[in-house]
Amino acid sequence: MSGIIINNPLTRNFFGCNRSIGVVGLGLAGKTVFLTSLIDHLRNHNPERYPSRFDLENKRVSEFSNLVPPRSDIWCPFRFEEFRAQMANQFKWPERTTSCSRIDLKFKFSWTSGGFFVRKGERTWNDYYLTLYDIPGERTPDVVMYENGYAAWCELTLNSMRKYYKQYRDHAGNLDALRDYLDLAENPCEMGDDEIVRAYKLALIEMLENGCSNVTPSIFMVDDEGRRFRDKHWECRMFEDYRDRLLTRCRAGAAGAEFAPLGEKWRSSSTDEAFGRAYQRYQREYVYPLFGTLISCDALAFLVDIPTILKNGPRDLNMYREILSNLLMGLHPGDSILPLLFSLGFRHSIERIAFVATQCDRFHPDDQPTLVAMLQHLADPVCNRVSLDYRYEYFAVSAVESTRLMDDGKMHFNTPNGEAALDYWRIPSEWRGDFPNDAQSEAFVSQYRASNSILPRVAPVFSRDEAVPPSQIKLDALFRFLTQW
């Protein structure tokens with residue numbers, strides 16, 4: 001009888017047996033590798049055989065199984081077996097995914113040591129349920145649409161575009177289309193709706209060409225078939241009219257209902273009303289199903305690719321902060337008057353957020369505390385402006401430890417041509433807890449290119465034996481924080 005009560009979907013959260021975790025972050029942060037390794041560790045958890053491989057303190061996972069997820073137009077099944085096989089058999093990292101995916105797991109815990117109430121080897125009498133969500137980095141900017149109507153989205157989007165133009169007009173390539181659109185958005189004219197959308201899409205192309213990926217609607221960056229903007233851009237670049245070709249391949253809204261941001265002077269115009277309707281349709285079809293699920297998670301893991309920020313400098317750092325700010329503001333727990341109902345399982349709300357520096361094995365072990373300090377430098381200004389209902393933690397993690405420190409003090413790793421060894425990328429002392437400015441970042445990369453120390457493509461170290469999970473760094477501590485198990 002107790003099992004029936006505890007395993008009821010409406011009461012599981014009250015008894016702490018149900019957890020849902022969203023994994024977010026920009027591209028190349030390693031979300032797919034993170035999830036694949038985590039699932040592999042849970043299904044093969046054995047602290048007696050691997051005493052230091054994945055520490056769940058005094059518990060061991062037992063009766064592990066995958067559940068069939070509910071049918072969804074937004075969420076597809078996470079391809080765990082495929083991703084694991086790529087790393088184990090082909091020695092290749094999984095390609096960046098473009099679909100929103102989920103995996104549903106069920107297991108029990110067995111106690112590995114005795115206590116006052118339990119005996120060693122005794123199983124818990126309730127099932128534990130874990131749902132993991134993977135969201136492509138390109139979809140993240142759409143969170144600004146979740147709780148904002150068309151007018152509010154226009155203001156936020158135009159402010160972001162103005163900020164980008166003012167900061168980078170002297171450093172980036174040609175931003176004429178962006179400048180022209182900002183002028184158009186503030187000054188009503190006799191242009192048709194299609195012409196305005198075309199001008200907006202030209203501005204988005206310029207921003208994406210100059211390294212800014214914080215653009216909405218995100219369907220412009222990844223379409224319904226999973227085709228990325230950069231792939232279309234590469235295919236069209238060989239043609240003289242490549243931008244015209246891109247305009248026909250990239251949408252700014254749902255099919256047949258594109259829209260663009262307009263300034264205050266356009267309010268109540270027929271164009272403003274038409275764009276507002278198109279915006280609402282995009283919210284219904286793309287935004288609400290995705291972020292409505294994400295906001296119901298118990299915890300979020302925000303993965304950060306620090307090596308890329310170190311190479312690209314403040315522009316990437318600022319973009320990370322802006323997207324993170326939009327994400328936390330859009331997914332805040334809210335001022336609900338029904339917290340009791342939430343705790344009983346009728347609706348979850350985000351309680352914990354982990355900021356995660358991935359690929360920490362690419363840095364010297366002595367620099368891993370610096371990675372955590374860098375995460376705090378990135379996130380603290382944002383967290384200070386967001387609800388304190390969240391609990392924040394910072395982690396330097398390697399989901400698959402594919403490099404190793406040897407007695408010679410060098411970083412050893414596998415490549416398609418065999419084992420290689422290089423000096424570590426040591427973080428300069430003046431960057432402790434901070435990020436480099438543009439000049440420092442450029443000098444840093446030039447220095448390592450000149451010394452041939454830029455890290456080549458490291459092959460993943462993943463056993464072909466499906467019962468052997470990979471070595472990892474702090475993945476278990478991150479899991480315990482996210483689930484509180």
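The shown structure was predicted, so the numbers you read here are calculated from the model rather than taken from an experiment.
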How many angstroms lie between [atom1] in [X] and [atom2] in [Y], if you round to the nearest 0.5 Å?
| X | Y | atom1 | atom2 | value |
| --- | --- | --- | --- | --- |
| D127 | N18 | CG | CG | 11.0 Å |
| I473 | T358 | CD1 | OG1 | 11.5 Å |
| F78 | S99 | CZ | OG | 9.5 Å |
| H41 | S471 | NE2 | OG | 7.5 Å |
| N89 | E466 | CG | CD | 8.0 Å |
| D104 | Y129 | CG | OH | 11.0 Å |

Any non-hydrogen side-chain atom of [X] less than 4.5 Å from a side-chain atom of [Y]?
| X | Y | answer |
| --- | --- | --- |
| R251 | D224 | yes |
| N214 | S160 | yes |
| F363 | T403 | no |
| V461 | P470 | no |
| F229 | L204 | no |
| F481 | Q484 | yes |
| R362 | V458 | no |
| I39 | L132 | yes |

Taking only Lys NZ, Arg NE, NH1 and NH2, and the carboxylate oxygens of Asp or Glu, determine whether [X] and [Y] approach each other closer than 4.0 Å.
| X | Y | value |
| --- | --- | --- |
| D316 | K311 | no |
| E95 | R79 | no |
| E393 | R480 | no |
| D134 | R102 | no |
| E419 | R404 | yes |

Report task. Let me see the working for E138 and R96 under salt bridge (Lys or Arg N to Asp or Glu O under 4.0 Å), right down to the final yes or no. Result -> CA-CA 11 Å; E138 292 89 345; R96 291 174 60 184; 2.9 Å; yes

Query raised in the report: Under the side chain to side chain contact (heavy atoms under 4.5 Å, CB included) criterion, do W93 and V400 qualify, and how do the steps go?
Result: CA-CA 10 Å; W93 298 104; V400 178; 4.2 Å; yes

Tell me if a side-chain donor or acceptor on [X] pairs with a main-chain N or O of [Y] at a distance below 3.5 Å.
| X | Y | answer |
| --- | --- | --- |
| R139 | V222 | yes |
| Q86 | F83 | no |
| S441 | L310 | yes |
| R281 | A255 | yes |
| R321 | L317 | no |
| S37 | V33 | no |
| R352 | L482 | yes |
| Q90 | A85 | no |

Over 12 foreign heavy atoms within 6.0 Å of [atom1], [X]:
| X | atom1 | answer |
| --- | --- | --- |
| K232 | NZ | yes |
| D465 | CG | yes |
| E48 | CD | no |

Requested in this report: Tell me, with the steps shown, if V215 and L208 meet side chain to side chain contact (heavy atoms under 4.5 Å, CB included).
Outcome: CA-CA 8 Å; V215 301; L208 289 167; 4.1 Å; yes

Requested in this report: Using the side-chain hydrogen bond (donor to acceptor under 3.5 Å, both in side chains) rule, take T216 and D142 through it: C-alpha gap first, then chi angles, then the decisive distance, then the call.
Outcome: CA-CA 6 Å; T216 56; D142 272 355; 5.1 Å; no

Considering all heavy atoms, the nearest [X]-[Y] contact:
| X | Y | answer |
| --- | --- | --- |
| Y146 | Q283 | O-NE2, 4.5 Å |
| G330 | I295 | O-CD1, 4.2 Å |
| C360 | S398 | SG-N, 3.6 Å |
| S402 | P460 | OG-CA, 3.4 Å |
| T36 | M87 | CG2-CE, 3.6 Å |
| K31 | V24 | CD-C, 3.7 Å |

Query raised in the report: Under the side chain to side chain contact (heavy atoms under 4.5 Å, CB included) criterion, do Q280 and Y150 qualify, and how do the steps go?
Result: CA-CA 8 Å; Q280 290 173 352; Y150 174 66; over 6 Å; no

Report task. Go through Y392 and D380 one step at a time and tell me if the side-chain hydrogen bond (donor to acceptor under 3.5 Å, both in side chains) criterion holds. Result -> CA-CA 10 Å; Y392 303 111; D380 279 351; over 6 Å; no

Query raised in the report: Taking the six-membered ring for Trp, are the ring centroids of F107 and F109 within less than 6.0 Å of each other?
Result: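 Under 6.0 Å, so yes.
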
Query raised in the report: Which is it for Y50 and N44 under the side chain to side chain contact (heavy atoms under 4.5 Å, CB included) test, yes or no, and what are the steps along the way?
Result: CA-CA 10 Å; Y50 308 113; N44 292 309; 5.7 Å; no

Query - Reference residue V356; test side-chain contact (heavy atoms from CB on, under 4.5 Å); the match among V304, V397, V372 - result: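 Single side-chain contact (heavy atoms from CB on, under 4.5 Å) partner of V356 among V304, V397, V372: V397.
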
Report task. Carefully, step by step, assess S110 and R60 under the rule side-chain hydrogen bond (donor to acceptor under 3.5 Å, both in side chains). Result -> CA-CA 5 Å; S110 298; R60 175 182 172 179; over 6 Å; no

